[in-house]
Amino acid sequence: MIVLGIDPGKRGGLAVIAGPPFRILACADVPLDDDGVDVLKVIAFIQANPPDHSFMERVSAMPSIPDEAGIRRGMGATSAFNFGGAVWALRTCVTGLMGKKPTLIQPVSWKKYYGLTSKDVDTGRKLEQREVKEASRQVALKMFREGDRFFPNIGHHNRAEASLIARFGAALLSK
């Protein structure tokens, strides 16, 4: 079984895994050009290792919600538009190549499967985004022996998350 996992967005990742036992065949950042997602490179990536199934994290724009200090953090209109464009470019590439849409997976579902959370288990402290991303990368490094080649540092968390999404999707298929 060959499975494509997608962590969507302009700073997302793509991963193709095969198994069982599961191993990474290919892994990359979402390729970009001057207009956003470079769809020709996405298509070439998928064609190089044609998947049987594809799974993509279900995402949405982040609402502007005030934090404890009253500062609003979230996506502005331009960011939301660009993010949505990247997501739909990726979905369109997969659908066009495979003849079926990728299966969308809620972030909470795949993260819970791996025991990933946004709070420190011991103290209950809310983790910084960097810590959350590093935790995902560490889980992926333990799961895939070739992970250190594909996501050697925290800057490659998107590839690690795409790999985890693909592996979670494979687990869903085996149920």
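Throughout, numbering of the chain's residues begins at 1 and tracks the sequence.
Side-chain contact check for Arg145 versus Arg23: every heavy-atom pair is 4.5 Å or farther apart. The side-chain heavy atoms of Ile105 and Tyr113, taken from C-beta on, include no pair separated by under 4.5 Å. Looking at Phe150 and Ser163, their side chains never come closer than 4.5 Å, going by heavy atoms from C-beta outward. Contact annotation: the side chain of Leu116 never approaches that of Val132 to less than 4.5 Å [non-hydrogen atoms, C-beta and beyond]. Contact check for Arg91 versus Leu104: side-chain heavy atoms found under the 4.5 Å cut-off. Inter-residue side-chain proximity for His157 and Ser136 is flagged as unmet; no heavy-atom pair is nearer than 4.5 Å. A heavy-atom distance below 4.5 Å is not found between the side chains of Val139 and Arg137. Residues Thr117 and Lys111 fail the side-chain proximity criterion, which asks for heavy atoms closer than 4.5 Å.
In this structure, CD on Gln138 lies 12.5 Å from CD on Glu131, to the nearest 0.5 angstrom. Remark: Thr92 OG1 to Leu97 CG distance equals 10.5 Å, nearest 0.5 Å. Remark: Tyr114 OH to Glu161 CD distance equals 11.0 Å, nearest 0.5 Å. A distance of 11.0 Å separates CG of Asp29 from CZ of Arg11, quoted to the nearest 0.5 Å. Annotation: the span from Ile24 atom CD1 to Met143 atom CE amounts to 10.0 Å, rounded to 0.5 Å.
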Please set out all donor-acceptor pairs under 3.5 angstrom arising from side-chain atoms of residues 39-58, sequence neighbours excluded.
residue: Asp52; atom: OD2; partner: Ile2; partner atom: N; Å: 2.8
residue: Glu57; atom: OE2; partner: Trp110; partner atom: NE1; Å: 2.9

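Of the residues Leu14, Ile165, Leu90, Leu164, the one that meets the side chain to side chain contact (heavy atoms under 4.5 Å, CB included) test with Asp7 is Ile165.
Nearest heavy-atom pair across Asn158 and Gly12 is ND2-O, 2.8 Å. Of all the heavy atoms in Ala15 and Ala166, the pair that sits closest is O-CB, 4.3 Å. In plain terms, the two heavy atoms of Val3 and Leu173 that are nearest each other are CG2-CD1, 4.5 Å.
With a 4.5 Å cut-off between side-chain heavy atoms of Ile, Leu, Val, Met, Phe, Trp and Tyr, the cluster of Val108 takes in none.
Under the 4.5 Å side-chain heavy-atom criterion for grouping Ile, Leu, Val, Met, Phe, Trp and Tyr, Met98 is not connected to Ile17 through any hydrophobic cluster. When the side chains of ILVMFWY residues are joined at heavy-atom separations under 4.5 Å, either directly or via intervening members, Leu172 and Met1 end up in a single hydrophobic cluster. Hydrophobic clustering keeps Val16 apart from Phe151 (ILVMFWY residues linked when any side-chain heavy atoms are closer than 4.5 Å, directly or through intermediates). No path of Ile, Leu, Val, Met, Phe, Trp and Tyr side chains, each step under 4.5 Å between heavy atoms, connects Phe144 with Leu4, placing them in separate hydrophobic clusters.
Crowding of Arg125 atom CZ: a count of heavy atoms from other residues, nucleotides or ligands under 6.0 Å exceeding 12.
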